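Written below as structure tokens is the structure these notes are about.
In what follows, every heavy atom counts, from backbone to side chain, and hydrogens, waters and symmetry copies are set aside. Counting starts at 1 for both ligands and their atoms, following the listed order. These numbers were taken from a predicted model, which means no experiment stands behind them.
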Amino acid sequence: MRKKIVAGNWKMHKNAEQTEDLLNDLIAKIPTDTAATVIVAPTFINLASAVEHLQFTNIEVAAQNVHQAESGAFTGEISADMLKSVGVDIVILGHSERRAIFNETDALIANKVGTALEHDMTVIFCFGEELKDRQSKNHFNIVENQLRDGLFQIEAKDWEKVILAYEPVWAIGTGETASPEQAQEMHEFIRETVRKNYGNDIAENVSILYGGSVKPENAKEIFSKPDVDGGLIGGAALKADDFVAIVNAI
Ligand code: 13P
């Protein structure tokens with residue numbers, strides 16, 4: 001069943017105390033009967049306390065990254081087993097910041113996806129074109145290639161553990177949002193691409209989130225589009241009232 005999902009990617013924001021404060025606000029303000037699956041992704045160091053804090057709530061916890069290896073001499077890295085051992089079952093992979101700033105290639109992301117799925121984790125798979133790709137009308141090709149090279153190595157059975165997040169790079173942190181029509185056009189293309197490769201059931205059941213300057217003011221219109229199943233929220237996820245308003249827009 002296709003789920004409505006609102007996920008907050010906190011990126012490198014919020015220390016331990018600020019994490020606790022924001023979680024307390026979210027627990028108090030997100031309706032217990034919300035129609036959305038709500039996910040938050042604090043930084044690695046605050047994941048264990050976030051899981052504990054959210055134990056008896058309807059808010060789930062995701063990591064922002066995972067290393068592809070099981071263990072080993074990889075100074076500064078975190079494994080899937082470590083995440084699972086503190087109760088984290090969801091991981092964001094392929095984010096444009098990891099692709100651009102940390103040189104993550106499609107091949108590396110595919111590797112990480114494989115590791116996460118082997119550990120029975122849910123993957124929020126991010127992808128999206130840069131401004132130059134859209135200007136040169138190459139955005140559909142770029143998106144199709146990112147899906148093919150980073151994700152389409154998975155087996156049909158793995159799709160129940162995958163959430164797609166289309167995040168056009170030109171809309172991330174810029175205040176410039178894709179119009180609801182642009183989002184719908186691309187989400188429809190993405191679903192069609194999944195359909196071509198994996199069949200109708202998987203295409204209809206996968207949730208496709210939109211990310212890029214989603215705010216309380218534009219969330220409702222974007223979420224109202226038939227192929228938009230929710231959002232991956234950056235800046236607006238750092239303020240409880242904004243994030244709750246976006247959750248309520250579902
Ligand atoms: P903004 O909502 O700040 O544009 O960030 C989106 C994003 O990158 C979520 O992963």
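If you check the side chains of Asn205 and Arg2, you find no donor sitting under 3.5 Å from an acceptor. For the residue pair Gln64 / Trp10, no side-chain donor-acceptor distance below 3.5 Å is found, with atom types taken as modelled. Under the 3.5 Å distance criterion, with hydrogens and angles disregarded, no donor-acceptor pair is assigned to the side chains of Asp229 and Ser207. Between the side chains of Asn24 and Asp21, no donor-acceptor pair of N or O atoms lies under 3.5 Å. Looking only at atom types and distance, the side chain of Asn65 has a donor-acceptor partner in the side chain of Lys112 under 3.5 Å away. In this structure, a donor-acceptor pair under 3.5 Å is present between the side chains of Glu167 and His95.
Not a single heavy atom of Gly211 sits closer than 4.0 Å to an atom of ligand 1. Within the 4.0 Å heavy-atom shell around ligand 1 one does not find Ala236. Look at Ala171 and you'll find a heavy atom under 4.0 Å from some atom of ligand 1. Remark: distances from the non-hydrogen atoms of Lys215 to ligand 1 are all 4.0 Å or more.
Gly234 N, 2.9 Å is the protein heavy atom nearest to atom 2 (O) of ligand 1. Looking at atom 7 (C) of ligand 1, its nearest protein heavy atom turns out to be Glu167 OE2, 3.2 Å.
Centroid-to-centroid, the aromatic rings of Tyr198 and Phe152 come within less than 6.0 Å.
With salt bridges taken as basic N to acidic carboxylate O contacts below 4.0 Å, none links Arg148 and Asp106.
Classification of the His187-Tyr166 ring pair by plane angle, with boundaries at 30° and 60°, yields perpendicular.
Shown in contact with Ser213 at under 4.0 Å from a heavy atom are these atoms of ligand 1, numbered in order with element: 1 (P), 2 (O), 4 (O). The Gly212 neighbourhood of ligand 1 comprises atoms 4 (O), 6 (C), with distances under 4.0 Å to a heavy atom of that residue.
Geometrically, ligand 1 and Leu232 share no nitrogen or oxygen pair separated by less than 3.5 Å. An N or O contact shorter than 3.5 Å is missing between Glu97 and ligand 1 by distance. Ligand 1 has a nitrogen or oxygen under 3.5 angstrom from a nitrogen or oxygen of Gly173. Considering both main-chain and side-chain atoms, Thr174 never comes within under 3.5 Å of ligand 1 through any nitrogen or oxygen pair. Backbone and side-chain nitrogen or oxygen atoms of Gly235 are examined, and one is located within less than 3.5 angstrom of a nitrogen or oxygen of ligand 1.
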